[in-house]
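Report on the structure given below.
Just so we're clear, the structure is a prediction, and the values are computed from it rather than from any experiment.
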Number of protein chains: 2
Amino acid sequence: MEIRKGPGLRALPSMTLLRELTDQIVLDTVFEQTPVTRAEIAQHTGISKTTVSESARRLEAAGLLLPAGEQRGRQGRVGTYYQVAPTAGYVVAVDLNPTRIRLCAADLFGHPFQQSALPPAQPREPARVAERLRELVADAVTEAGSDHGRLLAVAVSVANPVDPATSRVIPLADTPYPEGLIQPQETLADLVEAPILVENDVNLAAVAERWHGAARTTDSFAYVYIGAGMGMGLVVGDQLIRGARGVAGEIGYLSVSSQPAGPGLGRHGFARAVAGGFHPERGQDGGQDGDQVAVDVARQVFDRAARGEAEAQAVVEREGRTIGEAIAAVCAVIDPEVVLLGGPIGLHPALLEPVRAAVRDLAPLPPAIEVGTLGDTAVLHGALALALRRARTDLCARPGPASR
Amino acid sequence: MEIRKGPGLRALPSMTLLRELTDQIVLDTVFEQTPVTRAEIAQHTGISKTTVSESARRLEAAGLLLPAGEQRGRQGRVGTYYQVAPTAGYVVAVDLNPTRIRLCAADLFGHPFQQSALPPAQPREPARVAERLRELVADAVTEAGSDHGRLLAVAVSVANPVDPATSRVIPLADTPYPEGLIQPQETLADLVEAPILVENDVNLAAVAERWHGAARTTDSFAYVYIGAGMGMGLVVGDQLIRGARGVAGEIGYLSVSSQPAGPGLGRHGFARAVAGGFHPERGQDGGQDGDQVAVDVARQVFDRAARGEAEAQAVVEREGRTIGEAIAAVCAVIDPEVVLLGGPIGLHPALLEPVRAAVRDLAPLPPAIEVGTLGDTAVLHGALALALRRARTDLCARPGPASR
DNA sequence: TTAGTTAGGAAGGGGTCCTGACCAAAGATT
DNA sequence: AATCTTTGGTCAGGACCCCTTCCTAACTAA
């Protein structure tokens, strides 16, 4: 998963460019296959043995690699295994959502060594939320101490769109959560040296499914989240599509047949259709505490349908078709190889077949439709993946603390 | 505009990589600012003077650069201007569409030096069309002779989707043009050495608008073509989005309010709505010769509306809204910075305001909506741009004929 | 005429990668 | 047990690329 670099930073040809490229490849190889000997790295990458050795020496001197035992059992000289040093650095991922704030610190392999959470601040004001965020991150950093090296990246997940140019959170006019009004980059700026990455939660869930989940084998898919709110994360050619202003994937605005667009009624066509389908009286204007209610109502409908109530079954059928329509629209626009369903409502098994049928019926070239496999940890995993990606690429560009 | 490289071809660090990078940057600079001296290149790129000189020497030896006069009028030593050699190579672009086959040969600056066209073969059979294509390309190559160096790339535009993995044309089941049944790569394989690029016509029109047209200043936009057929070209982060199976941008399948999706009726929702709006009796099943008719009918409606006929004005208004709905759907999915309208129908000025109003009303964050500026030459220009991009990047990787 | 300025080249240094030879040690073979 | 083969790692040498520094030629400005 690449996060596009700005075209401004065009790398000039130079010796250091070459060296960093080599180091990056060697380090990546060690990440991929741990532990590994120099000779294996050379064979796997195609780089000559001597160059690999040289690079490994640099990386060890920089504190990024460590010898890890001996390769025995085969003929010939005993090789020395290498691994990434446990003190090479660590990353922090934060999921900032209306229900709670969750944090996860992990080493560069993505193995978490620390997790914590806080319930939402009371009263729920932006300043309070910001304070809690600071608190949680500060605690994590002090607790990590220097056992894991230095902090290399922080990724924060938010429920709002994020401006891709500035990484600023875009407040939503219609559902102003206090969590959506704080700017993590400003909030944490004086607390951490590392780069602070901010990204939308559904996008991050998509990233997670790409790394560990159901989209491991494809580089072009859409992750459709349907819960109290809805959204979509889009990965095309292994790149996360964020849109010019960060609102790519706002599929709640799609028009669908049961909620056709009309003057003043068109906004949230799809979102209204889904919410209205489950709960005709409410629509989408539930407000903050209504969110859980929306999911609960949907669950009740699913339960009634499972018990055989014809009316509820019809609702499920219709909802599946509505979702299928939205997915078909997405397919007509960007043609993903796979579409994953996620979120408390989207994951419900009763929905899958109706959705598939509708997409089959409507999409030009229907994609595979599957369900996400990561559940509600997807967001945090995605933030972790984002931070990791950044940390790993930064490692070689700026040699570790040992070399300064 | 980048056409994504496969991740398999990961460049290994090496001296030649460095050299090729330098040469590419130098050559690109000469393309950008012709004529230019070595010193200017050095200053502009940040590469040292000696390195630039060395690179220029290589490129001149390879026949890619030529001295072009002297830099006078300022203090100091007289500099020698350099330009790209006229014999460095050339590219060929072909627009293969049901109306005619057009060809354009151009030097590496994109200046055409040869243009030709053939009317469609009669009878219109795939074998005949293929023969005409071969004929046209063969003529172009012989006529180009060696005045322009060797042929470096051929780009062929087709009205069908193209599989991004194999570059094969995907036949359309519902409108089987004979042009859509031939595979340019196979047809031309024994005729040309150069790589043969095949791409969808609307995608290429989008590429053209990015290079020379209305999208010069943005790297994320959608080009919506509405004529007899309809389609969309999508550029995100300066990359052309082709979709997993090449059918990204098939917006004819979008569901819109005036043509809601329903069992067996949902396919071509948007396409049907547009066609049906102008010509209620026909729908979209016009067949081959019906295409021009569809455009003519639309034109008549526009004319009647211009003369003040209320009914026709209402049709235009409704059509604009329908198109706006489709664009809003696109915005909800990928959030382009700009949306360009193109095609004989889409370009009509009477449509612009209704479309804008509808998008303003329906899209989450409405983009700028403009009209394409390249008219019906857009496709050929786009093919040219595609071929040029490929040719220019290949130039340095494989040194010119002089060095073999 | 003289001083300042500029494009290009030459020399030398530092760095990176590669090839091929070499070495030492472990397992395999006899 | 002795020898052979294999193998990871190092060493030496060479090719190549880029950079800094200095130099020169040629032009303009005064």
Does a side-chain N or O from R74(A) land closer than 4.0 Å to OP1 or OP2 of dG8(D), or not? yes
Checking all strands, does E54(B) fall into the base, sugar-phosphate, or nothing category for heavy-atom contacts under 4.0 angstrom? nothing
It should be established whether R38(B) places a side-chain nitrogen or oxygen under 4.0 Å from OP1 or OP2 of nucleotide dG8(C). yes
Closer than 4.0 Å, any side-chain N/O of R19(B) to the OP1 or OP2 of dC17(D)? yes
Any base atoms under 4.0 Å from T50(B), or only sugar-phosphate, or nothing? Heavy atoms, all strands. base
When you compare the side chains of Y82(B) and E60(B), does any donor N or O come within less than 3.5 Å of an acceptor on the partner? yes
Have a look at S48(B) and say if it touches a base, only the backbone sugar-phosphate, or nothing, with a 4.0 Å heavy-atom cut-off. base
Which of dG9(D), dG8(C), dG4(C) is nearest the side chain of Q75(B)? It is dG4(C)
Counting only side-chain nitrogens and oxygens, does T80(B) get under 4.0 Å of the OP1 or OP2 atom of dG8(C)? yes
Polar side chain donor-acceptor pair, T80(B) to R38(B), under 3.5 angstrom: yes
R58(B), nearest nucleotide to its side chain (from dT24(D), dC17(D), dC11(D)): dC17(D)
Separation of R390(A) CZ from L197(A) CG (nearest 0.5 Å): 5.5 Å
Are any of S14(A)'s side-chain N or O atoms less than 4.0 Å away from OP1 or OP2 of dC17(D)? no
Any base atoms under 4.0 Å from T16(B), or only sugar-phosphate, or nothing? Heavy atoms, all strands. nothing
Checking side-chain contact (heavy atoms from CB on, under 4.5 Å) between L388(A) and each of L108(A), D107(A), L152(A), which is the one that passes? L108(A)
dC18(C) phosphate, OP1 or OP2: any side-chain N/O from T51(A) under 4.0 angstrom? yes
First encountered from the 5' end of DNA chain D, between Q43(A) and M15(B): Q43(A)
